[in-house]
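As structure tokens, the structure follows; a few thoughts come after it.
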Amino acid sequence: MNTDNTATIWVDADACPGVIKEILFRAAQRTGLQLTLVANHNVKVPPASNIRFIQVQHGFDEADNLIAQRVAKGDLVITADIPLAAEVIDNGATALNPRGELYTTANIQARLTMRDFMETMRSSGEAMTGPSALNQRDRQAFANQLDQWLLKAQR
């Protein structure tokens, strides 16, 4: 969270779709809230004092670890990484999936259990398909959840 007690939006940017980043850039420019993207590869961000990019070392969970260390109560984290979402919720922040699914204390344990089950299936050699491509409904769901969070954050 910023030192002036305004919320920060953190983005686990390694796998965040470009269209979601664009929605976030517009929201940050419109509201003036701090937007911080974290990734282990270079991410272009618009020139704005409230939008920044932090590049971490290449390595498993480096971006997740930085976000988990710096997120504060009241912040928003955009991530599809369920363990990171669980940690964010434990820290009193909000976690939102790029498809518009809000992770909550009520649903995060079930998501972790399903993630672990699917990982076990993959490691046993079970052929699994990845998630479907992001569609217009996903983008709209994300934008709606973001708008709801922004309304609360600006009060």
Side-chain angles (χ1 to χ4, degrees), residues 1-2 7-31 33-104 107-123 127-147 149-150 153:
M1 189 175 274
N2 291 337
T8 296
I9 301 171
W10 295 90
V11 182
D12 181 3
D14 282 319
C16 186
V19 66
I20 298 302
K21 290 177 200 162
E22 290 300 323
I23 292 169
L24 291 164
F25 294 150
R26 286 192 303 271
Q29 290 168 331
R30 183 178 76 241
T31 64
L33 286 174
Q34 178 67 47
L35 173 64
T36 303
L37 292 87
V38 183
N40 61 24
H41 64 279
N42 192 39
V43 175
K44 290 184 78 168
V45 299
S49 63
N50 64 317
I51 300 174
R52 68 184 180 140
F53 166 65
I54 299 173
Q55 187 167 359
V56 295
Q57 294 178 341
H58 286 278
F60 189 68
D61 288 339
E62 291 292 330
D64 297 354
N65 293 338
L66 184 134
I67 292 169
Q69 290 168 1
R70 296 190 184 182
V71 71
K73 184 176 181 177
D75 287 354
L76 173 65
V77 175
I78 310 304
T79 186
D81 186 278
I82 296 169
L84 175 59
E87 196 164 350
V88 163
I89 291 167
D90 286 346
N91 287 337
T94 301
L96 178 61
N97 181 296
R99 293 178 181 272
E101 179 185 6
L102 190 64
Y103 297 113
T104 66
N107 70 17
I108 195 65
Q109 191 56 52
R111 299 297 183 275
L112 281 167
T113 300
M114 180 56 78
R115 175 197 172 273
D116 292 344
F117 172 74
M118 297 303 281
E119 194 170 286
T120 299
M121 295 294 289
R122 279 189 296 276
S123 67
M128 310 292 283
T129 60
S132 60
L134 200 68
N135 61 37
Q136 182 60 36
R137 189 176 349 190
D138 297 328
R139 291 189 291 273
Q140 188 61 51
F142 177 83
N144 290 343
Q145 287 288 357
L146 177 63
D147 284 345
W149 183 85
L150 288 169

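Numbers here simply count residues along the sequence, with the first being 1.
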Heavy-atom donor-acceptor pair, [X] side chain to [Y] backbone, under 3.5 Å:
X: Q34; Y: N50; answer: yes
X: D14; Y: A39; answer: no
X: N91; Y: A72; answer: no
X: D147; Y: N144; answer: no
X: N65; Y: D61; answer: yes

Once rounded to the nearest 0.5 Å, what's the spacing between atom [atom1] of [X] and atom [atom2] of [Y]?
X: R52; Y: L37; atom1: CZ; atom2: CG; result: 10.5 Å
X: I23; Y: C16; atom1: CD1; atom2: SG; result: 9.0 Å
X: L96; Y: W149; atom1: CG; atom2: CH2; result: 10.0 Å
X: Q145; Y: L150; atom1: CD; atom2: CG; result: 11.0 Å
X: T79; Y: E87; atom1: OG1; atom2: CD; result: 11.0 Å
X: D138; Y: N97; atom1: CG; atom2: CG; result: 8.5 Å

Practice task
Compare every heavy atom of R99 with every heavy atom of A141, then report the nearest pair and how far apart it is.
Solution key: CB-O, 3.6 Å
Exercise for the section: Taking all heavy atoms of N40 and all of Q55, pick out the closest pair and write down the distance. Expected result: O-NE2, 3.5 Å
Exercise for the section: Determine whether V38 and D12 make a side-chain contact, defined as any pair of heavy atoms from C-beta on separated by less than 4.5 Å. Expected result: no
Problem - Option passing side-chain contact (heavy atoms from CB on, under 4.5 Å) with W10 (candidates L35, L84, L66, L76) - result: L66
Exercise for the section: Pick out which of I78, I67, V45 makes a side-chain contact (heavy atoms from CB on, under 4.5 Å) with V11. Expected result: I78
Practice task
Verify the neighbour count for atom CD of Q136: are there more than 12 heavy atoms of other residues, nucleotides or ligands below 6.0 Å?
Solution key: yes
